[in-house]
**Student:** 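Below is one structure. I have some questions about it.
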Amino acid sequence: MGKLVMVIDDSLPVRKIVEVCLRRQGIDCLTYADGVEAIRTLAQQRDLLPDLVLLDIALPRLSGYRIAQILKARRPRRPVIIILSGYDGVLDRLKGRLAGASAYLTKPFRTEELLALIKTHLAEAESEHGE
């Protein structure tokens, strides 16, 4: 079964760049401009279990930190969360870790760096879940 990555970012160019990169690697991708919409989709489709979530911090209606907390509370399986943000402060990174993020990458990013980070975390998640 293929891996599923959920991208939550209000920037259309970022969503498109990430989506194209992931699809070229054979990784399925769902994109959302708003965290509320992503959470609503997950609530309505209980069997939808993303393996990894790329998450912006500065989102309309609900912050990325809050979305990370909601995602980390999910059962039966919690997705790996990687924050993808324009904020690069020490406090931003700390808040991301406290909210449940496994990694933090700042914008602008290099696609090679993003893909390497995604592949590493997907492989770690796979070994943890025994898949």
Side-chain angles (χ1 to χ4, degrees):
M1 185 171 153
K3 296 296 179 193
L4 176 63
V5 173
M6 181 178 277
V7 180
I8 306 172
D9 197 304
D10 58 337
S11 167
L12 179 60
V14 169
R15 288 195 314 272
K16 287 296 181 189
I17 289 167
V18 172
E19 182 177 16
V20 168
C21 288
L22 291 174
R23 293 200 191 281
R24 284 184 181 161
Q25 298 295 314
I27 300 171
D28 291 327
C29 177
L30 295 173
T31 65
Y32 296 90
D34 184 306
V36 172
E37 207 50 46
I39 298 298
R40 183 177 297 133
T41 299
L42 291 172
Q44 291 171 347
Q45 298 178 31
R46 291 273 188 211
D47 57 333
L48 182 63
L49 297 171
D51 298 287
L52 187 141
V53 176
L54 291 175
L55 179 60
D56 189 11
I57 292 173
L59 293 167
R61 300 199 295 172
L62 196 59
S63 81
Y65 299 124
R66 183 66 188 122
I67 294 165
Q69 292 170 335
I70 291 167
L71 291 171
K72 279 301 187 178
R74 285 200 73 193
R75 300 281 189 260
R77 192 172 82 199
R78 300 175 208 162
V80 173
I81 297 172
I82 297 175
I83 290 182
L84 190 57
S85 176
Y87 299 114
D88 193 23
V90 173
L91 284 177
D92 298 309
R93 290 174 178 275
L94 179 60
K95 284 172 67 176
R97 289 287 183 177
L98 291 173
S102 298
Y104 195 108
L105 187 64
T106 56
K107 298 174 191 174
F109 56 89
R110 289 183 18 251
T111 55
E112 301 84 17
E113 183 180 10
L114 177 64
L115 286 172
L117 195 58
I118 289 169
K119 288 179 179 181
T120 297
H121 283 281
L122 285 176
E124 288 174 8
E126 188 173 305
S127 65
E128 285 176 16
H129 295 292
E131 296 171 4

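Side-chain atoms are counted along with the backbone in the values below, which use heavy atoms only and exclude waters and symmetry mates.
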**Student:** Is any side-chain heavy atom of Val80 closer than 4.5 Å to a side-chain heavy atom of Glu124?
**Tutor:**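 Side-chain contact under 4.5 Å: no.
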
**Student:** If you round to the nearest 0.5 Å, how far is CG of Leu117 from CD of Glu112?
**Tutor:**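 Rounded to the nearest 0.5 Å, the CD-CG separation comes out at 13.0 Å.
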
**Student:** Would you give the length of the straight line joining atom CD1 of Ile82 to atom CG of Leu105, rounded to the nearest 0.5 angstrom?
**Tutor:** 8.0 Å

**Student:** What's the shortest heavy-atom distance between Val53 and Pro50, and which atoms?
**Tutor:** CG2-CG, 4.2 Å

**Student:** Passes side-chain contact (heavy atoms from CB on, under 4.5 Å), Leu115 versus Leu22? Steps please.
**Tutor:** CA-CA 8 Å; Leu115 286 172; Leu22 291 174; 4.1 Å; yes

**Student:** With the 4.5 Å side-chain cut-off for hydrophobic clustering, are Leu98 and Leu71 part of the same group?
**Tutor:**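 No, because Leu98 and Leu71 fall into different hydrophobic clusters, even though each may have its own neighbours under 4.5 Å.
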
**Student:** Does Lys107, at its NZ atom, have more than 12 non-hydrogen atoms belonging to other residues, nucleotides or ligands within less than 6.0 Å?
**Tutor:**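 Yes.
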
**Student:** When you group the ILVMFWY residues by side-chain heavy-atom contacts below 4.5 Å and let the links chain together, are Val5 and Leu49 in the same group?
**Tutor:** no

**Student:** What closest approach, in Å, do Tyr65 and Ala99 show between heavy atoms, and which atom pair accounts for it?
**Tutor:**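 What the structure gives for the nearest pair is O-CB, 3.6 Å.
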
**Student:** Could you walk me through whether Ile83 and Lys95 pass the side-chain contact (heavy atoms from CB on, under 4.5 Å) check?
**Tutor:** CA-CA 11 Å; Ile83 290 182; Lys95 284 172 67 176; over 6 Å; no

**Student:** Let me confirm one number: the CG-OG distance from Leu54 to Ser85, rounded to the nearest 0.5 Å.
**Tutor:**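 Rounded to the nearest 0.5 Å, the CG-OG separation comes to 12.5 Å.
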
**Student:** Backbone N or O of Gly35 within a donor-acceptor pair of the Arg61 side chain at under 3.5 Å?
**Tutor:** no

**Student:** CD1/Ile57 to CG/Leu84 distance, rounded to the nearest 0.5 angstrom?
**Tutor:**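 It is 9.5 Å, given to the nearest 0.5 Å.
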
**Student:** With distance as the sole test, does Arg97 use its side chain to make a donor-acceptor pair with the main-chain N or O of Ser102 at under 3.5 Å?
**Tutor:**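 Confirmed, Arg97 side chain pairs with Ser102 backbone.
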
**Student:** Are Leu42 and Met6 side-chain neighbours, meaning at least one heavy-atom pair lies under 4.5 Å?
**Tutor:**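 Yes, at least one pair of side-chain atoms sits under 4.5 Å.
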
**Student:** Can Leu59 be reached from Val36 by stepping across I, L, V, M, F, W or Y side chains whose heavy atoms are under 4.5 Å apart?
**Tutor:**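 Linked, Val36 and Leu59 end up in one cluster.
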
**Student:** Taking atom SG of Cys21 and atom CG of Leu114, what is their separation to the nearest 0.5 Å?
**Tutor:**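 Those atoms lie 7.0 Å apart.
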
**Student:** Do Asp10 and Arg15 meet the salt-bridge criterion of a basic N to acidic O distance under 4.0 Å?
**Tutor:**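 Salt bridge flag = no for Asp10 with Arg15.
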
**Student:** Do other residues, nucleotides or ligands put more than 12 heavy atoms under 6.0 Å from Phe109 CZ?
**Tutor:** yes

**Student:** Is there a path of hydrophobic side-chain contacts, each under 4.5 Å between heavy atoms of I/L/V/M/F/W/Y residues, joining Ile67 to Tyr32?
**Tutor:** yes

**Student:** What heavy-atom pair brings Arg78 and Lys72 nearest, and what distance separates the two atoms?
**Tutor:** CD-O, 2.7 Å

**Student:** Side chains of Leu94 and Tyr104: closer than 4.5 Å at any heavy-atom pair?
**Tutor:**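 Side-chain contact under 4.5 Å: no.
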
**Student:** Can you name the closest pair of heavy atoms from Ile8 and Ala38 and give their distance?
**Tutor:** CD1-CB, 3.6 Å

**Student:** For a 4.5 angstrom cut-off between non-hydrogen side-chain atoms, does Asp56 reach Val7?
**Tutor:** no

**Student:** Are Ile27 and Leu4 co-members of a hydrophobic cluster defined by side-chain heavy atoms under 4.5 Å apart?
**Tutor:**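 No: no chain of side-chain contacts under 4.5 Å links Leu4 to Ile27.
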
**Student:** Once you round to the nearest 0.5 Å, how far does NE2 of His121 lie from CD1 of Ile81?
**Tutor:**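 The CD1 atom of Ile81 is 11.5 Å from NE2 of His121, to the nearest 0.5 Å.
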
